[in-house]
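Presented below is the structure to which this report refers.
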Amino acid sequence: MILGQVVGTVWATRKNPNLERLKLAIVRPHFWYNPPHDVDHLVAVDQVGAERGQDVLVCVGQPGRWMAGTSAAPIEASIMAIVDRVVMGPSTEDGTP
Amino acid sequence: MILGKVVGAVWGGKETNSLENSKLLQVQPVRLKAPAAADGSSPLEWTISANGPAVPLGSTMKVVMDTLGAGVGEYVLIAHGSRVRDLTVGPEYPTKEVVIAIVDSAWIDLGMDGG
Amino acid sequence: MMLGRVIGEVWATKRAGAFGHRKAMLVATLAREGDRLFPTGEVVVALDDIGAQQGNVVTVSWGSGARAVFAPPDNRHVLVDAAISRIVDAITLDESGRVLNLQHEEG
Amino acid sequence: MFLGRVVGTVWSTVKWKGLEGVKFLVVRPYHLADLIPEVSCPPGFSSEDGVVVADILGAGVGEDVIIAYGHSARVALEPHLKDGQLPSRPVDAAVVAIVDRYEASAQPGFDAKVKPGEKKTRPATSATSSRKKK
């Protein structure tokens, strides 16, 4: 999953029918995650009712389509969890964050 | 998909039999860049296959499998992925990038793209 | 599958899908040069079912591979795309059998 | 999936069968800085120059769109597919929605460089940038 923060919302009426009634959030990733496209933000379907400013976990691929009920839904990324707390250890000797 | 210009065909007698009778093209990815209009007039339309202006994008050339008979000098659209390969040339071919369209012309709005 | 190092932990109570009791760990993926492991800069969150600790070097499985860690791959209630599949104790570095031992710094 | 702006069109008559009726658009992906000027993105993200995407929704030049890659792109071109049915159009990127409006703003919150156990917050900036459709 991708750890990120909800920073915005997108409204669209002309869209694939399998996206009806789904909330689309703009997510700023907290880390680089080797995205399939070299883009520094994400649009994800919000499956758990995350609010702007909350840290979330974004899941890529089939799980989001399962949540939407059909593999025919063009959903590449979905918010699957709202993060309460992140604890990071001391950065190790090889400079990992 | 990636837009690219066919800059060569890659021939070879000795090859893995899963490449037999398949045509490999050397393609230079390009970025559409409208020529600066003298008066900065409205977006230009040009036939890209007539050597229209295109800025090479990145250094790495791609070698892709031709499926539509694209020739050197033509522009093509390349799609990537094993599923795309399976849907076009078939899973037995050792490639993940195939030509899915030969470009007739392309147009970019000078104002929109910020050059 | 990728090599990674556990660098943190993520708590998420409100979540879709059966994480169950499992923890979500922050993992920095690693590349290797000779006998040195170094971070690629990529950081992901992987679900952990085998008790990986802070600092452990692990393998991370993706997509359907991740779901296979928990249940049959077409299991539709495990909603994850990355999972820790092994805690790595050592890596054999070359044909002579030289081994890079990985002490697991506790949290 | 990500936000981008349609900046051009690519025409093609000789194309893979099954792609009739599919338009090809040149899309320039947005960067976080385009959406929220004062927010920086984590290191490592490079800038993608422009990508050609398939479209059946009829997005026009100048419109903001949401782009998806891979399987999501292929099912976007076949909205009538049933669950479990596999798409058959050989594309790897497509428009899944034409944006009416989006809103984005900087948020206080978690900062990547956090000392153990402590969650740092960034000062909130209230500037909200939003784009109405022209």
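We name chains A, B, ... by the order of the sequence lines, and we start the count at 1 in each one.
Neither the backbone nor the side chain of D/Ala94 comes within less than 4.5 Å of any heavy atom in chain B. In this structure, the portion of D/Arg74 lying under 4.5 Å from any heavy atom of chain B is its side chain and not its backbone.
Taking the side chain to side chain donor-acceptor pair (under 3.5 Å) definition, one finds that B/Ser18 meets it with B/Thr16, sequence neighbours left out. Looking at residues two or more places apart in sequence or on another chain, you find a salt bridge (Lys or Arg N to Asp or Glu O under 4.0 Å) between B/Lys23 and B/Asp66.
Between the CG atom in D/Asp92 and the NZ atom in B/Lys96 there is a gap of 12.0 Å [rounded to 0.5 Å].
Applying a 4.5 Å heavy-atom cutoff, the residues of residues 77-89 of chain B that approach chain D are B/Leu77, B/Ile78, B/Ala79, B/His80, B/Arg83, B/Val84, B/Leu87, B/Thr88. Scanning residues 12-20 of chain D against chain B with a 4.5 Å heavy-atom cutoff picks out D/Ser12, D/Thr13, D/Val14, D/Lys15, D/Trp16, D/Leu19, ordered by number.
The only member of B/Leu3, B/Ile100, B/Val103 that meets side-chain contact (heavy atoms from CB on, under 4.5 Å) when paired with D/Phe24 is B/Ile100.
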